[in-house]
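Along the sequence shown, residues are numbered consecutively beginning with 1. Remember, predicted model here, so these are calculated numbers, not experimental data.
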Amino acid sequence: MTNTLYLTPMQRRWQRFQANRRGYYSLWIFGLLFILSLFAEFWSNDKPILIYYQGHYYFPLFQVYPETTFGGDFETEADYHDQFIQTQLAPPANWVWYPLNPYSYNTINYDNAKPNPAPPSKDNWLGTDDRGRDVFARLVYGFRLSVLFGLALTFVGMVVGIIAGAVQGYFGGKIDLLSQRFMEIWGSMPELYLLIIFASIFQPSVFLLLLLLSLFAWMGLADYVRAEFLRGRNLDYVKAAHALGVPNLTIMWRHLLPNAMTPVITFLPFRISSSILALTSLDFLGLGLPPSSPSLGELLAQGKANITAWWLSLSTFVVLVATLTLLIFIGEALREAMDSRRG
């Protein structure tokens, strides 16, 4: 049996996190789903993984091949759903290794006999949207994009928030006073109106949306870091470091920041979930990503516009709620693990 007297503080926190089974298993499930989505091109794509044609191997996922490579007449990229290409690659002389789901997020199923949006079938497991694109593929790629966007927005907000809160809390005085007044003015600006204005001026993109949301994403975290630095700067070991002539940056980085990371880590999953929800909401309102991007909010908007196509709103709702629920469970477990008052 492990002797708890010899455990480091980080090991003790990890033990407390593991004790919360709901958060621990949620972390494994969310991590597995996110890793699978990172390799979505290998199991949900309209391009084959591997082709054996006339004694040669081809890798369409990594290289673009014209139709003439497989006996066609055009120099454009081969359409592997085309009947002629499939006939050329038919066994036994040749063979093709297709992904598990032969559709990407922008692949249109032209062979569907039912009008779009079409209900679930053996070809499209979760049906198609109003343009004939596979809903399952758009959910997979939309989940990946939403999580990556949430991580990026959280990282930017965390870095800016830590720096702003550390400077305010450590130096105090006029710097803290002026910074607080600036945050009050900046926080009162109408964020939604700014997004509407910029969306009408600039071409919508992931980076533009990330930049606009990052302008406001740091303020909530800065308050917690500021409070920790205000509390820690008057401790005896900080005053001793001052007396020994240790530079301010070293004191902030080595002595105060580790203690201030507790609220940062605790609120990390909640900030990721709020970032995902913000992206989904903006896409639902048409103020987010470009129309061609895989988006959970855009699928919800299609479900609202096509109320009889229940598979659009239901499948997106399940993915969104499951993602946010897993993140909330992870956040609750982290909050308990970082609480040093627990055994």
Side-chain angles (χ1 to χ4, degrees), residues 149-202 204-279 281-282 287-288 331 334-335 338-340:
F149 182 87
L151 291 174
L153 182 59
T154 302
F155 176 78
V156 175
M158 183 179 66
V159 172
V160 178
I162 289 176
I163 295 175
V167 172
Q168 294 178 62
Y170 182 77
F171 294 102
K174 293 183 178 180
I175 295 179
D176 185 27
L177 180 63
L178 294 175
S179 299
Q180 286 296 300
R181 301 294 81 77
F182 169 77
M183 291 178 61
E184 291 174 0
I185 297 173
W186 189 254
S188 63
M189 297 182 65
E191 182 178 356
L192 182 59
Y193 289 158
L194 290 177
L195 291 172
I196 294 175
I197 293 172
F198 280 101
S200 62
I201 298 176
F202 300 100
S205 65
V206 178
F207 297 103
L208 177 62
L209 195 60
L210 180 62
L211 176 62
L212 294 177
L213 292 179
S214 299
L215 297 177
F216 301 90
W218 58 274
M219 290 189 296
L221 186 61
D223 292 333
Y224 294 101
V225 178
R226 170 181 172 269
E228 292 294 329
F229 271 75
L230 280 173
R231 181 181 62 86
R233 69 173 185 169
N234 294 320
L235 297 178
D236 292 337
Y237 68 90
V238 176
K239 294 181 179 179
H242 269 300
L244 293 174
V246 179
N248 291 328
L249 185 60
T250 303
I251 296 175
M252 296 169 65
W253 176 263
R254 183 178 300 175
H255 300 294
L256 293 178
L257 183 60
N259 295 328
M261 289 301 292
T262 298
V264 175
I265 298 176
T266 302
F267 287 102
L268 192 62
F270 299 105
R271 296 186 65 85
I272 296 176
S273 62
S274 63
S275 301
I276 294 175
L277 192 59
L279 177 64
S281 303
L282 292 174
L287 302 174
L334 274 178
R335 183 173 56 193
M338 300 299 291
D339 188 358
S340 59

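Every residue meeting the side-chain contact (heavy atoms from CB on, under 4.5 Å) condition with N248, not counting sequence neighbours, appears here in chain and number order: Y170, F171, H242. Under the rule for a side-chain contact (heavy atoms from CB on, under 4.5 Å), the partners of F155 that lie at least two apart in sequence or sit in another chain are M158, V159. By the side-chain contact (heavy atoms from CB on, under 4.5 Å) test, L277 pairs with S281, L324, sequence neighbours left out. Remark: D223 engages no residue in a side chain to side chain donor-acceptor pair (under 3.5 Å) (not counting sequence neighbours). Residues passing the side-chain contact (heavy atoms from CB on, under 4.5 Å) test with S188: none are found, sequence neighbours excluded. Remark: Y224 engages F267 in a ring-ring contact (aromatic ring centres under 6.0 Å, His included) (not counting sequence neighbours).
Scanning both residues, N234 and L230, for their nearest heavy atoms gives ND2-O, 3.7 Å. Here the closest heavy-atom approach between residue M183 and residue A222 is recorded as CE-CB, 4.2 Å. Minimum heavy-atom separation, F229 to G165: CB-O, 4.5 Å. Here the closest heavy-atom approach between residue G169 and residue R233 is recorded as O-CD, 3.4 Å. Across G187 and M219, no two heavy atoms sit closer than the pair CA-CE, 3.6 Å.
Taking the side chain as every heavy atom from C-beta outward, L212 and L194 never approach each other to under 4.5 Å. A heavy-atom distance below 4.5 Å is found between the side chains of P269 and L334.
Within the structure, no pair that satisfies the salt bridge (Lys or Arg N to Asp or Glu O under 4.0 Å) test touches residues 234-263, not counting sequence neighbours. Listed by first then second residue, pairs satisfying salt bridge (Lys or Arg N to Asp or Glu O under 4.0 Å) with a partner in residues 164-181 read D176-R226, R181-E184, not counting sequence neighbours. Annotation: side chain to side chain donor-acceptor pair (under 3.5 Å) contacts involving residues 208-222, sequence neighbours excluded, are absent. Counting only residues at least two apart or in different chains, side chain to side chain donor-acceptor pair (under 3.5 Å) contacts with residues 259-278 comprise Y237-N259.
Between atom OG1 of residue T250 and atom CG of residue L256 there is a gap of 11.5 Å, rounded to the nearest 0.5 Å. To the nearest 0.5 angstrom, I162 atom CD1 is 11.5 Å from E228 atom CD. Remark: F149 CZ to I272 CD1 distance equals 12.5 Å, nearest 0.5 Å. To the nearest 0.5 Å, atoms CG (L209) and CG (L153) are separated by 8.5 Å.
Of the listed residues (L279, L282, V156), just one forms a side-chain contact (heavy atoms from CB on, under 4.5 Å) with L213, and that residue is L282.
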